[in-house]
Undergrad: 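Quick one: structure below, then a few questions.
Residues: numbered from 1 along the sequence shown. Just so you know, ligand 1 is whichever comes first in the structure, and atom 1 is the first atom listed for that ligand.
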Amino acid sequence: MLILAGRTSKVLFVVSILLAFSFLAPVHAQDNSHPWWQRAVFYEIYPRSFADSNNDGLGDLRGITAKLDYLRTLGVDAIWISPCYPSPQFDFGYDVADYENIDPMYGTLADFDVLAREAHKRGIRIIMDFVVNHTSYRHPWFLESKSSRNSPRRDWYIWRDGKGLGQPPNNWESSFGGSAWTFDPATGQYYYHYFETEQPDLNWRNPSVEKAMFDVTRFWRKHGVDGFRLDAVDLLFENPDLKDNPVLPGKNEFGDPNMTNKYNDNLPEVHKELQRLRKVTDANGQVLIGETWTDSIGELNAYYGPHQNEIQLPMDFMFTTVNKPSASGFRKQIRLAESAAGWPVFVIGNHDIVRSYTRYGDGKHNDQIAKLMAGMYLTLRGTPILYYGEELGMENHDPVRKQDVRDPLGQHGWPKQKGRDGERTPMQWDASRNAGFTQGTPWLPVDPGYKTYNVASESKDAASILNFYRRLLSIRRLSPALLDGDYIPIGQDDPDILAYLRRSGKETVLVALNFSNSSRPFDMSLARQGSPHAKSGVLLTTSMADGTVNGEQHVILLSPYAVYIARITP
Ligand code: NOJ
């Protein structure tokens, strides 16, 4: 008999809780054949918004340290901390003024060392955000570069003469709106910045730049850093002839002409450089994660390198382009990810993307859908990267007035582009004032949903999104099949249910996900795969429907947006 026939899902639910909590353990299923980062669950922390230890309204490193036990019990293996280096904060830290220190608003290097030590004690690794493409315009390197045309650092950035009076060198646009060139009257030349004026691009063709940046990785190795997330890595090189980009019809949200970034994005030189960087980080024992926006699997594959010698974990953002719960949409993206040249990386949200709860929610089944999404991206073959608060069901809280916008992207693009403040609001720890994030005034307003969606309240609610994440991550941690087993799609013509097996050695796990807003039958014989006597044991389900249809025990009914995860034993 395959299923717990005739039992209600409430029983399944209790069973799943018991199973899950007995799985809580600090170690993974034993197997040394996979590097740690293939089995790890990563968690992105936006430090301004995570936990404020000194009540100045901004999160800080001591705040993160104080929450490490929370992360450990959630089941996190590594934290990626968005930039916390000294910075004038024009782009909230993505404008670095010193790569080898900590901004005082976040604490000190000594605080960082404590954080790294305490994290490692708990088996949590640390990933720094490495802003490789550009610095702050207040970085000493840029100040020196700007000081004179003859400065020894002039060539560390990209300086060019204009085409004529008041005319930049070419038509390249900043992704924050306007020209990508800013004129410096003192030296009579333009400098290039793909992002804000305050974020000049480094010139990676200059070997001294490369050396300085490689040294940064060694500096952080000494401080216990286990890897880097490479910011905007596709933008490292520009065409040296500065050819104009092809212009497309229409205007973008900033009112600038649409264009393809043919000559300043994704140039082949990036790959040679990544291979050189990889040698350095390998020597340091550090892993590379890439902010790799790609349009095709071919482009994504290139980032693994021809011999797996570039980025170990290039993020697959094509996954985030499926913007509604859709079995067929995700099936297609998973198929592509499965065909990738290296280990897949799954992301459904981050500090630049509208929160997944908001993107996928239908207004009626939001919590079920949040669990459904987790049921998918935490059970696929690959490394998942959670965004802080995703495990609670935090939603976007966008500004409604231009004067409230903090993000430069929103300030330039308002009202078409509201910026990214909405997905960066303070972490919701409890139901007290400011969601327990700070006793001061938070830098961004807390989402009003915090009274329900917070760590303390959800911890007490067995059916919460948080407890679903905890259970699922604890099951994943001890399941070789879920950690690195094969992905075997089943029932591929089903328009509503996305189902697959994960199989490793003797263990097979079934994942069936109902992507529709009504109950749907799922044929369990699909999971038996030629073993008619195979049995199934439910590991975790959110289905509130009865486990049988018309008394036929080989069919289970999945309630709207339900997750059903079971171990199949031959
Ligand atoms: C990508 C980062 O994720 C984003 O937040 C930032 O604005 C740009 N890079 C510029 O650094």
Undergrad: Holding to ring-ring contact (aromatic ring centres under 6.0 Å, His included), I want the full list of residues that pass it with Trp414, two or more places apart in sequence or in another chain.
TA: none
Undergrad: Would you say the rings of Trp443 and Phe437 are close, in the sense that their centroids are separated by under 6.0 Å?
TA: no
Undergrad: Residues two or more places apart in sequence or in another chain: which of them pass side-chain hydrogen bond (donor to acceptor under 3.5 Å, both in side chains) with Asp184?
TA: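 With sequence neighbours excluded, Asp184 shows a side-chain hydrogen bond (donor to acceptor under 3.5 Å, both in side chains) to Thr187, given in chain and number order.
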Undergrad: Given a heavy-atom cut-off of 4.0 Å, could you list the residues near ligand 1 in chain and number order?
TA: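 Contacting ligand 1 under 4.0 Å are Asp91, Tyr94, His134, Phe176, Phe195, Gln199, Arg229, Asp231, Glu291, His351, Asp352, Arg420, Arg424.
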Undergrad: How would you list all residue pairs meeting side-chain hydrogen bond (donor to acceptor under 3.5 Å, both in side chains) that involve residues 232-241, not counting sequence neighbours?
TA: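 Non-adjacent pairs meeting side-chain hydrogen bond (donor to acceptor under 3.5 Å, both in side chains): zero.
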Undergrad: Using modelled atom types only, decide if a donor and an acceptor are shared between the side chain of Ser145 and the backbone of Trp141 within a distance under 3.5 Å.
TA: no
Undergrad: If you count the non-hydrogen atoms of other residues, nucleotides and ligands that lie under 6.0 Å from CZ in Arg218, is the total more than 12?
TA: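 Yes, enclosed.
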